[in-house]
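For the numbers below, each heavy atom of this structure counts, side chains included, while hydrogens, waters and symmetry mates do not.
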Amino acid sequence: MPISRRNLLGKLMAGAATGAAMQTFRDFSFAQTPSVPRIHSFAQLILLSHNENPYGPSEKVLAVMREALSGSNRYPRTEYDSLVNKIAVFHRVRPEQIVLGCGSSEILRLAAAAFLGPGKKFIQASPTFPLPGEFAQNAGAEVISVPLNRTYEHDLEAMLARSDGSAGLVYLCNPNNPTGTLTRRKTIEAFLRKLPATTAVLIDEAYHHFVSENSDYASFVDRPFDDGRVMVARTFSKIYGLAGMRVGYVVAPPEIARRLSKSRLELGVSVVSAKAAAAALDDSDYVLAAAKRNADDRQEFMNQVNARMLRALDSHANFVMVNPLRPVAEVLEHLKKNNITVAPRVPAMDKYICVSLGTRAEMQEFWRVWDLMPPQKMMM
Ligand SMILES: Cc1ncc(COP(=O)(O)O)c(C=O)c1O
């Protein structure tokens, strides 16, 4: 339901105290912000920074998690394999093609460990999700960042030009974080056909479920491409609402899955997390409803952007990049003062802010706070 201009003003209480902005994915910890009282600040903050599902997991999943808690005194035994088998059936692949991780973050780390090292190149877009680049750097690889093209797709021609025999791994995030934009399936296929045979490709589909029907997009899990070098990362942190449970996985050819598994943390997925993820896979109604709600909320966000004559990228995810047409530092400071945390500034797109879609009440508060900013001359 659209939010009227009138409703925008005067809804919900205004946050008074200054909240702590979480600066990076890894800084997402109160242990590192000791000046912030733990519980109270968290409750007051509106977290629009990490592209989570603000509504949480489904009731069915919560029930399974409550029951699983009583088994917490035991190490995981059968849970890892049960979840692997379930995911394999779900995607119609063999269990040897699935590796689980502590979030898909672990999968990204495994890929860097398996395919990179000194003398190897890691090819990524700019901007994109920064974690794989950090893992690549830690592995001693040279990180090559190729700017997105004018339509904010991966510039695959340019990425190809940088991919010589020493390119160990190419990272494609689709939809891309932080832009929310898509790279067309047929362009990716053409790229794969030309890529050196020795270069592995990691396609990160963390935001796959948020893509509405689109003829330019097809998941590489749902519609596999016959190529022994392609692995696809998925996560339970986004649409399933389980970011805190830390479960992700990769679907890969068996040989690649074996290589990835070598550095996997044994028992890295907890009993409760594995059972939660399995239950989440079963609850397809919840996923459909969450995708529909996100599409509506995204449209409403764009309506609010347009009402204020701002600019935003066409997002296919659960976050939107907005050009506030005023200094970004000022906007971030204003939001922070009002207890709203959005993603940290993205150096490669420093005129934009990236906002995760929160609940409807949270987004009303976001726009109410936005409108408290003094009018200002437009800047591009
Ligand atoms: C594109 C992308 N991939 C992977 C991740 C890692 O998520 P997780 O480790 O929770 O699965 C994120 C987190 O925001 C992300 O945006």
Side-chain angles (χ1 to χ4, degrees), residues 23-27 99 101-150 152-179 181 183 187-206 220 225 227-233 235 248 250 252-253 255-265 343-350 354:
Q23 286 306 306
T24 71
F25 195 63
R26 277 173 314 167
D27 288 348
V99 181
C102 173
S104 56
S105 297
E106 189 184 0
I107 302 300
L108 304 177
R109 187 179 60 77
L110 296 179
F115 296 102
L116 297 173
K120 291 283 184 192
K121 285 184 186 143
F122 171 74
I123 319 279
Q124 64 173 2
S126 172
T128 194
F129 184 52
L131 205 55
E134 291 173 20
F135 288 138
Q137 213 160 19
N138 292 343
E142 182 189 350
V143 175
I144 310 271
S145 300
V146 179
L148 297 171
N149 69 16
R150 284 209 321 229
Y152 301 99
E153 287 186 65
H154 287 70
D155 188 342
L156 293 172
E157 282 292 322
M159 289 174 86
L160 189 65
R162 306 299 300 273
S163 305
D164 55 21
S166 65
L169 184 64
V170 174
Y171 174 70
L172 304 178
C173 187
N174 202 27
N176 187 44
N177 177 3
T179 53
T181 46
T183 300
T187 328
I188 300 177
E189 285 187 10
F191 168 78
L192 292 173
R193 284 194 195 97
K194 294 185 208 149
L195 198 67
T198 48
T199 307
V201 180
L202 174 58
I203 303 182
D204 187 337
E205 295 188 353
F220 278 78
F225 185 68
D227 188 312
R229 300 164 303 172
V230 176
M231 62 202 115
V232 184
T235 182
V250 67
E255 178 45 36
I256 288 194
R258 249 193 308 281
R259 272 180 85 170
L260 294 174
S261 287
K262 281 189 187 147
S263 328
R264 177 173 78 78
L265 181 64
R345 198 173 186 152
V346 177
M349 286 183 71
D350 60 0
C354 184

Given T187, I188, T179, the one that forms side chain to side chain contact (heavy atoms under 4.5 Å, CB included) with E153: T187
All heavy atoms of R229 vs all of L195, minimum pair found to be NH1-O, 3.0 Å
Run F220 and L192 through side chain to side chain contact (heavy atoms under 4.5 Å, CB included) and show every step you take. CA-CA 12 Å; F220 278 78; L192 292 173; 3.9 Å; yes
Mind listing the side-chain donor-acceptor pairs of residues 196-204 below 3.5 Å, one per line with the distance, residues two or more places apart or on another chain?
from, atom 1, to, atom 2, distance (Å)
T199, OG1, A167, O, 2.9
D204, OD1, A206, N, 3.0
D204, OD2, Y171, OH, 2.7

Does any N or O in the side chain of T183 come within less than 3.5 Å of the main-chain N or O of H154, such that one atom is a donor and the other an acceptor? yes
Under the side-chain contact (heavy atoms from CB on, under 4.5 Å) test, which residues partner K262, sequence neighbours left out? none
For residues N176 and T128, is any side-chain donor paired with an opposing acceptor at under 3.5 Å? yes
What's the shortest heavy-atom distance between F135 and S105, and which atoms? CE1-O, 3.5 Å
List for me each residue that meets salt bridge (Lys or Arg N to Asp or Glu O under 4.0 Å) alongside E189, sequence neighbours excluded, and say none if there are none. R185, R193
With heavy-atom distances below 4.5 Å as the criterion, would you say the side chains of V170 and S163 are in contact? yes
Say you draw a straight line from CZ of R264 to SG of C102; how long is it, rounded to the nearest 0.5 Å? 11.5 Å
For residues 107-118, which side-chain N or O atoms pair as donor and acceptor with protein atoms under 3.5 Å away, sequence neighbours left out?
from, atom 1, to, atom 2, distance (Å)
R109, NH2, E106, OE2, 3.4

What distance separates C173 SG from Q124 CD, expressed to the nearest 0.5 Å? 10.0 Å
Nearest heavy-atom approach of V230 to P253 is O-CD, 3.2 Å
Work out which heavy atom in C354 is nearest to a heavy atom in P178; give both atom names and the distance. SG-O, 3.6 Å
When rounded to the nearest 0.5 angstrom, what distance separates CD in Q137 from CD in E134? 7.5 Å
Partners passing side-chain contact (heavy atoms from CB on, under 4.5 Å) against E157 (at least two apart in sequence or in another chain): D155, K194
To the nearest 0.5 Å, what is the distance between CD on E205 and CG on N174? 7.0 Å
Can you pull out every salt bridge (Lys or Arg N to Asp or Glu O under 4.0 Å) where at least one residue sits in residues 117-130? Sequence neighbours excluded, please. K121-D164
